[in-house]
Amino acid sequence: MKIVIIGTVASSFYGFRAALIYQLLLKGHSVYAFTSEYGQYELKKIELLGAIPITYELNRGGMNPLADAKATYALSKKIKEIAPDLIFSYFSKPVIFGTLAAKIAKVPRVIGMLEGLGYTFTEQPEGLSKKAQLIKSIQVLLYKIALPQLDNIIFLNPDDPKDLLEAYHIKVKKLDVLGGIGLDLDEYNYQPIETINSPISFLFIGRMLKEKGIHDFIAAAKIVKKIYPEVQFTVLGAIDSSNPGALQQSELDRLISLNIINYPGQVDNVQKWIADSHVFVLPSYREGVPRSTQEAMAIGRAIITTDVPGCRETVIDGVNGFLVEKWNPQALAEKMIYFIEHPEDIKKMGYESYKIAQDKFDADKVNKRLINMLGL
């Protein structure tokens with residue numbers, strides 16, 4: 001069979017879809033990887049996977065309906081030339097416009113996957129801005145047009161279909177919940193903590209944005225540092241200075257100078273940083289199923305995260321870590337202090353994380369489930 005996979009960023013194909021592509025090729029299928037954001041080096045890496053890279057135009061953040069309509073028609077022509085048996089799209093815009101293009105091209109089977117509902121569906125402490133509300137209204141309208149055309153729509157967590165399909169009365173032919181896109185567990189292998197040495201270290205991985213919980217992580221760190229000044233807090237991730245909710249460079253520099261956090265920046269060896277930490281913390285406002293938490297679990301780390309869609313899929317409260325109320329640095333600090341005062345639970349809960357990751361986030365198991373959902 002000819003299978004077209006439509007994404008946006010080229011690196012997502014070899015970063016997150018390599019195992020799926022490999023399994024499809026093993027079954028004798030031809031795979032075409034459609035990307036709208038790419039460099040020649042990235043296209044070559046897709047080729048090395050065994051897939052055929054195809055470039056197309058789609059403005060991921062654009063709001064111009066005429067430009068989107070033209071791009072959809074151009075995409076449908078590229079699809080028609082290939083004449084695939086199946087189209088599988090992921091990310092919001094490819095699911096919307098890839099589905100419409102596939103229908104124009106008369107593709108027999110079309111499946112989409114939403115790995116999260118994104119910023120406009122993420123509750124904020126001060127409520128959504130008028131601009132975000134407008135974007136959300138447009139998104140919902142487009143979903144109402146596109147999603148009923150799909151043969152199947154796949155979500156990562158059970159909250160997303162409730163908050164989108166049920167809340168906005170969108171009818172779909174079929175829906176599945178995958179439960180996370182999975183990891184290569186050989187790449188993120190179990191590295192248990194043999195002995196708990198002071199100081200205890202807490203690790204945050206993610207873009208330094210408000211909705212990822214960076215401000216709550218820092219606020220909790222300040223609370224803990226007043227009682228246990230030797231405790232370590234490390235942040236890995238990029239600054240997005242153009243985002244109004246992002247941690248700014250000046251504030252980051254101040255936090256480093258005050259020894260509140262350690263900041264090595266973006267790193268290539270994330271596994272080592274997880275292995276060198278004791279507890280992983282992600283106080284996000286909403287996720288699909290966060291990959292960073294899956295990575296920490298696979299390596300065998302206890303988790304503190306928020307009781308929100310996506311994040312709650314990673315923690316059995318009191319078993320492999322703790323769920324805390326969103327937007328609540330005090331509650332976050334209290335669970336951090338629990339681990340500082342009960343270090344024996346760090347190792348015990350880390351092992352439980354590892355067991356859950358083996359069961360739920362093994363890419364081989366996940367991709368077998370996904371291939372079944374694709375009808376292959």
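Only a predicted model underlies this, so the values are computations on that prediction, with no experimental measurement involved.
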Between [X] and [Y], is there a donor-acceptor pair closer than 3.5 Å when you use the side chain of the first and the backbone of the second?
| X | Y | answer |
| --- | --- | --- |
| Thr35 | Thr8 | yes |
| Gln294 | Val289 | yes |
| Lys365 | Gly182 | no |
| Asp307 | Glu325 | no |
| Arg109 | Leu374 | yes |
| Lys78 | Thr55 | yes |
| Glu251 | Gln248 | no |
| Gln133 | Leu128 | yes |

Test of understanding: with ring pair (Phe, Tyr, Trp, His ring centres under 6.0 Å), list the residues that count as partners of Phe202, not counting sequence neighbours. Phe233

What's the spacing between Asn189 CG and Tyr354 OH if we round to 0.5 Å? 9.5 Å

Separation between CG of Asp216 and CG of Leu282, rounded to the nearest 0.5 Å: 10.5 Å

Does the plane of the ring in [X] sit parallel, tilted or perpendicular to the ring in [Y]? Use 30° and 60° as the thresholds.
| X | Y | answer |
| --- | --- | --- |
| Phe13 | Tyr90 | perpendicular |
| Tyr285 | Trp327 | perpendicular |
| Phe34 | Tyr56 | tilted |

State, to 0.1 Å, how close [X] and [Y] come at their nearest heavy-atom pair, and which atoms those are.
| X | Y | answer |
| --- | --- | --- |
| Ala102 | Ile79 | N-CD1, 4.1 Å |
| Gly288 | Asn157 | O-ND2, 2.7 Å |
| Pro329 | Ala220 | O-CB, 3.6 Å |
| Pro53 | Ile46 | CB-CG2, 3.9 Å |
| Pro108 | Pro84 | CD-O, 3.4 Å |
| Asp184 | Ala363 | N-CB, 4.0 Å |

Pair [X] + [Y]: basic N to acidic O under 4.0 Å:
| X | Y | result |
| --- | --- | --- |
| Lys355 | Glu352 | yes |
| Asp160 | Arg286 | yes |
| Lys93 | Asp68 | yes |

Verdict with reasoning, Glu81 to Lys77, per salt bridge (Lys or Arg N to Asp or Glu O under 4.0 Å): CA-CA 6 Å; Glu81 286 173 16; Lys77 288 175 74 175; over 6 Å; no

Distance-only polar pair, side chains of Gln358 and Asp362, donor-acceptor under 3.5 Å: no

Assess the side chains of Gln139 and Thr120: does a donor N or O sit below 3.5 Å from an acceptor N or O? yes

Could you go through Phe322 and Tyr338, starting from their C-alpha distance and side-chain angles, then the distance that decides it, and tell me whether this counts as ring pair (Phe, Tyr, Trp, His ring centres under 6.0 Å)? CA-CA 10 Å; Phe322 296 108; Tyr338 176 90; 5.2 Å; yes

Tell me, please, whether Phe121 has Lys136 positioned over its six-membered ring: NZ or CZ under 6.0 Å from the ring centre and within 45 degrees of its axis? yes

Taking the cut-offs as 6.0 angstrom to the six-membered ring centre and 45 degrees off its axis, would you call Lys45 and Tyr14 a cation-pi pair? yes

Set out, in order, the CA-CA distance, both residues' side-chain angles and the distance that settles side chain to side chain contact (heavy atoms under 4.5 Å, CB included) for Val308 and Glu123, then state yes or no. CA-CA 10 Å; Val308 298; Glu123 289 184 2; over 6 Å; no

Sequence neighbours excluded, which residues qualify as salt bridge (charged side-chain N to carboxylate O under 4.0 Å, His left out) partners of Lys272? Asp276

For side chain to side chain contact (heavy atoms under 4.5 Å, CB included), just list the numbers for Leu183 and Glu187, CA-CA rounded to whole Å, side-chain angles, deciding distance to a tenth of an Å, and then say yes or no. CA-CA 8 Å; Leu183 299 170; Glu187 191 178 343; over 6 Å; no

For Phe88, which of Leu24, Leu370, Val95, Ile6 qualifies under side chain to side chain contact (heavy atoms under 4.5 Å, CB included)? Leu370

